Amino acid sequence: MKGKVLKTALLGTAAAALVVTGYTGIKSNNQVNAATQKAKNVVLFVGDGMGTAQRDAIRLATVGESGQLAMDSMPYVGLIHTSSTTAITDSAASATAYASGVKTYNGAIGVDANKKSVKTIMEYAKDKGMSTGLVTTSQITDATPAAFASHVEDRSKQSDIALQYLTKSKVDVLLGGGEDFWYPAGNKGAFDDETPADPSEKSKGTQGDLVKKAKSLGYTYVTNKTDMTKAKGKLLGLFANEEMFQQKPEGQGDVYNPIVPLADMTKKALDTLSANKKGFFLMVEEEATDEMAHNNNAKLTIKAGQELDKAVKVAKDFAKQHPDTLVLVLADHETGGFSVEEVDDSDESTDGKTISGEDGPFAIANSKLNFVVDWTTSGHTGVDVPVTATGAGSELFTGIFENTSIFNKLAQALNITIKK
């Protein structure tokens, strides 16, 4: 197994990137620009913390060594450098780089290193008459979605972010967790405060009753799948107090079972936003790939990645019917120093008692083989992360480039002129 699995697992996506970029890289920039089909719609997937090795583990566990995930079965692949103003980014700075094309400090949302607001690609899309949407299994006001539609100096100001969604960026579809930041203390909303699963979760909004405000601005508010499915027009769906899962080490209260699956939220967002003939920009995030990795919980990191892949398939199916749609999958950074290894009882880290303890074994789909996951940290790392892309403008996302380039490539795909 060692020669076969390690070669596949450790080289899989990165090798594909080199092969694909090596092929497409023979084109000049002018040739690429001339050949680029402009996108009417964009669906940007962020697997938070999901590096190359995580994608390989998800693939092995789901479709086996020779299978392909929906997120990998795309014609164009690149590699992204992930630094912020320091070598190791957080999600806020990374998402700001993607959304606005600037390097900034960790914790910054939609502001540059000097704390000056920077216009986001989603705001440019809105100016063009496009509809916009944010979907996540985290709080809808968490760092990654926030950076696409708000501007605050500190990512912790989640109620401020929510208010900006409603009154400034005017996002059309908002689906995720984080009800606690939409209601003031003492108003528990639809979900109980201080539950046994997590006693720390309770309403803590600082901007009044923002659900009431959303309704006054024409949003339909929903808290479950049934009501979400029936809803029409502008949509706010909050499906948990905080994240739509419980992030803990394996067997210590860890749960990944969102009451509305990511794929269903994605489909609803696509159905709603596609009513706009001018197009749309949708950002979809799977947060548990990061938070489970912070807890060195490989089992639920993989499960979350599998759910992300189901959502990607939904978007790809939509794109087949709407070929002017760009679909891309990337990560903000890698979490955990994740690696895929052979099952080896002599490995010094198999005792599971240290931060580098192994998880597993996990079955390789469609085989009798297994693999284990090893960790080097509970934090973020500075390694490059892959991006895969398909559809209109997807050929722009090849090569090795800075995270800030994603903003420029998205603007080019959408034929948006960036104001300097």
Side-chain angles (χ1 to χ4, degrees), residues 13 16-17 20-21 24 32-33 35-47 50 55 58-59 62-63 67-78 80 98-99 121-122 124-126 128-136 145 148 171-173 175 229 235 261-286 305-331 386-398 406-407 409-416:
T13 306
V20 175
T21 55
T24 60
V32 171
N33 292 345
T36 299
Q37 177 190 356
K38 299 306 179 185
K40 175 183 175 181
N41 312 308
V42 171
V43 188
L44 170 61
F45 286 94
V46 181
M50 186 180 69
R55 286 176 75 146
I58 296 160
R59 174 176 55 83
T62 308
V63 294
Q68 279 193 309
L69 297 168
M71 70 176 84
D72 291 336
S73 181
M74 296 187 179
Y76 295 98
V77 186
I80 306 170
Y98 289 156
I121 190 67
M122 188 170 281
Y124 276 107
K126 178 67 78 169
K128 196 178 178 182
M130 299 167 67
S131 293
T132 57
L134 297 170
V135 172
T136 182
F148 283 85
V171 183
D172 299 286
V173 173
L175 300 174
T229 303
L235 181 58
L262 186 64
D264 291 338
M265 291 192 289
T266 300
K267 184 179 187 306
K268 181 61 181 181
L270 291 170
D271 290 346
T272 303
L273 297 173
S274 60
N276 186 346
K277 294 181 179 180
K278 293 185 178 180
F280 63 82
F281 190 107
L282 172 63
M283 193 290 303
V284 179
E285 179 199 27
E286 176 53 72
Q306 291 171 325
E307 292 302 305
L308 171 63
D309 202 56
K310 293 176 184 177
V312 174
K313 184 179 185 303
V314 168
K316 290 177 69 176
D317 288 345
F318 175 89
K320 287 178 184 178
Q321 302 300 318
H322 304 83
D324 48 4
T325 300
L326 168 64
V327 179
L328 61 160
V329 184
L330 46 70
V387 53
T388 47
T390 188
S394 56
E395 63 269 28
L396 296 169
F397 296 88
T398 64
I406 292 292
F407 169 76
K409 294 174 187 294
L410 289 170
Q412 185 176 345
L414 287 166
N415 199 27
I416 289 173

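What you are looking at is a predicted structure, and each value in this text was computed from that prediction instead of being measured.
Not a single ring-ring contact (aromatic ring centres under 6.0 Å, His included) links F407 to another residue, sequence neighbours left out. In this structure, the ring-ring contact (aromatic ring centres under 6.0 Å, His included) partners of F318, at least two apart in sequence or on a different chain, are F280, H322.
K316 NZ to Q321 CD: the interatomic distance, rounded to the nearest 0.5 Å, is 14.5 Å. Atoms CD and NZ, from E395 and K409 in turn, are 10.5 Å apart once rounded to the nearest 0.5 Å. The CD atom of E285 lies 12.0 Å from the CZ atom of F45; values are rounded to the nearest 0.5 Å. With values rounded to the nearest 0.5 angstrom, K310 atom NZ is found 11.5 Å from M71 atom CE. In this structure, OG in S131 is found 5.5 Å from NZ in K126, a value given to the nearest 0.5 Å. Expressed to the nearest 0.5 Å, how far CD1 of I121 lies from CE of M283 amounts to 14.0 Å.
With hydrogens and angles disregarded, no donor-acceptor distance shorter than 3.5 Å links the side chain of D324 to the backbone of K40. N415 contributes no side-chain N or O that, together with a main-chain N or O of K38, makes up a donor-acceptor pair within less than 3.5 Å. Checked by atom type and distance alone, the side chain of T62 never pairs as donor or acceptor with a backbone atom of R59 at under 3.5 Å.
A heavy-atom distance below 4.5 Å is found between the side chains of M130 and L414. Counting heavy atoms from C-beta outward, L328 and L410 have side chains that approach closer than 4.5 Å. You'll find the side chain of L262 reaches within 4.5 Å of the side chain of L308, heavy atoms only. At least one side-chain heavy atom of M50 sits under 4.5 Å from a side-chain heavy atom of V329. Within the 4.5 Å cutoff, side-chain heavy atoms of L235 are placed close to those of L175. When side chains are defined from C-beta on, M74 counts as touching V327, because their heavy atoms get closer than 4.5 Å. Within the 4.5 Å cutoff, side-chain heavy atoms of R55 are placed close to those of D72. Taking the side chain as every heavy atom from C-beta outward, L134 and F148 approach each other to under 4.5 Å.
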Q. K268 and T229: side chain to side chain contact (heavy atoms under 4.5 Å, CB included), yes or no, with the steps?
A. CA-CA 7 Å; K268 181 61 181 181; T229 303; 5.7 Å; no

Q: List the steps and the verdict of salt bridge (Lys or Arg N to Asp or Glu O under 4.0 Å) for D317 and K313.
A: CA-CA 6 Å; D317 288 345; K313 184 179 185 303; 3.0 Å; yes

Q.
Before you tell me yes or no, could you show the steps for Q306 and I58 under side chain to side chain contact (heavy atoms under 4.5 Å, CB included), namely the whole-Å CA-CA distance, both residues' side-chain angles and the distance that decides it to 0.1 Å?
A. CA-CA 6 Å; Q306 291 171 325; I58 296 160; 4.1 Å; yes

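Sorted by first then second residue, the salt bridge (charged side-chain N to carboxylate O under 4.0 Å, His left out) pairs that include residues 270-283, not counting sequence neighbours, are K267-D271.
Put simply, the residue from I80, L326, T388, L330 that forms a side-chain contact (heavy atoms from CB on, under 4.5 Å) with F397 is L326. Of the options L270, T390, V43, L282, a side-chain contact (heavy atoms from CB on, under 4.5 Å) to T325 is made by V43 and by none of the others.
The minimum heavy-atom distance between P75 and A389, with the atom names listed, is CD-O, 3.3 Å. Pairing each heavy atom of G129 with each of N276, the nearest pair is O-ND2, 2.9 Å. When all heavy atoms are compared, the tightest approach of G393 to A413 is CA-CB, 4.4 Å.
Annotation for K320: atom NZ does not count as buried by contact number, only 12 or fewer foreign heavy atoms lying within 6.0 Å.
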